[in-house]
Amino acid sequence: MGVIRLVLVEDNRLFRETMELLLGLRPELELVGSLENGRQAIAVCAELAPDVVVMDYRMPGIDGAQTTAAVLKASPRTRVICLTASVSDEERELVLAAGAVACITKLESLDRIVEAILEVGEAAAA
């Protein structure tokens, strides 16, 4: 499998920049976009068709479920992982119903987050 092209969507600038640095150290991942809101994600995914999007749930404007549905409409082969600080059962159901393939919390280790990205990216390429 080749390099997994990844877009990160996170409104918290410090967390987003930290994730950019950490994900950038992984040779199997290529961060092709790092965005602060859902509207940006929809436009970038329509243009770049990344393999995987790591999407925050709670963002200003449109939430992770709404953004997931729009991203998948714009880029049907993209796989979305919701990564959020906390998510209710209802929000988890909404984001999965919108087409996300996984929903994990920011409390997970970086290794677990990367493992989820690799699993989803490899499945998308198969």
Heavy-atom closest pair, residues A65 and Y57: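 The answer is N-CE1, 3.8 Å.
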Nearest atoms (heavy-atom pairs only) where I113 meets E108: CD1-O, 3.9 Å
Trace of the side chain to side chain contact (heavy atoms under 4.5 Å, CB included) decision for R16 with L35: CA-CA 8 Å; R16 185 177 65 248; L35 313 165; 5.8 Å; no
Salt bridge (Lys or Arg N to Asp or Glu O under 4.0 Å) partners for E115, two or more places apart: R112
Connected via hydrophobic side-chain network under 4.5 Å: [X] and [Y]:
X	Y	result
L31	V53	no
V80	V7	yes
M55	I42	yes
V114	I104	yes
V120	M19	yes

Residue pairs involving residues 59-68 (criterion side-chain hydrogen bond (donor to acceptor under 3.5 Å, both in side chains); sequence neighbours excluded):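 Residue pairs passing side-chain hydrogen bond (donor to acceptor under 3.5 Å, both in side chains), neighbours aside: none found.
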Pairs involving residues 23-32, ordered by first then second residue, that meet side-chain hydrogen bond (donor to acceptor under 3.5 Å, both in side chains) (sequence neighbours left out):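 Non-adjacent pairs meeting side-chain hydrogen bond (donor to acceptor under 3.5 Å, both in side chains): R26-E28.
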For E17, side-chain hydrogen bond (donor to acceptor under 3.5 Å, both in side chains) partners two or more places apart: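 Counting only residues at least two positions away or on another chain, E17 forms a side-chain hydrogen bond (donor to acceptor under 3.5 Å, both in side chains) with R13.
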K106: partners by side-chain hydrogen bond (donor to acceptor under 3.5 Å, both in side chains), with sequence neighbours left out: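 K106: side-chain hydrogen bond (donor to acceptor under 3.5 Å, both in side chains) contacts with E10.
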Crowding at CZ, R39 (>12 non-hydrogen neighbours, <6.0 Å): no
T78 side-chain N/O to P50 backbone N/O, donor-acceptor pair under 3.5 Å: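 Checking the backbone N and O of P50 against the side chain of T78, a donor-acceptor pair under 3.5 Å is found.
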Short side-chain to backbone donor-acceptor contact, R79 and G121, under 3.5 Å: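 No; judged by distance alone, with no hydrogens or angles, the pair does not exist.
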Could you tell me the separation between the [atom1] atom of [X] and the [atom2] atom of [Y], rounded to the nearest 0.5 Å?
X	Y	atom1	atom2	value
E36	D56	CD	CG	12.0 Å
C45	R77	SG	CZ	14.5 Å
L8	I81	CG	CD1	11.0 Å

Partner set under side-chain contact (heavy atoms from CB on, under 4.5 Å) for L14, not counting sequence neighbours: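 With sequence neighbours excluded, L14 shows a side-chain contact (heavy atoms from CB on, under 4.5 Å) to N12, T18, given in chain and number order.
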Student check: side-chain heavy atoms of L6 and V32 closer than 4.5 Å: no
Side chain to side chain, V9 and M59, heavy atoms closer than 4.5 Å: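 V9 vs M59: side chains touch.
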Transitive ILVMFWY cluster of L107, excluding itself - 4.5 Å side-chain cut-off: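 Members other than L107 - counting any ILVMFWY side chain reachable under 4.5 Å - there are none.
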Option passing side chain to side chain contact (heavy atoms under 4.5 Å, CB included) with L29 (candidates D51, V52, I4):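 For L29, the side chain to side chain contact (heavy atoms under 4.5 Å, CB included) check succeeds only for I4.
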Let me check something: any side-chain donor-acceptor pairs from residues 89-101 under 3.5 Å, sequence neighbours excluded? List them with distances.
residue	atom	partner	partner atom	Å
E91	OE1	R58	NH2	2.6
E91	OE1	S88	N	2.9
E91	OE1	S88	OG	3.4
E91	OE2	R58	NH2	3.0
R92	NH1	C103	O	3.0

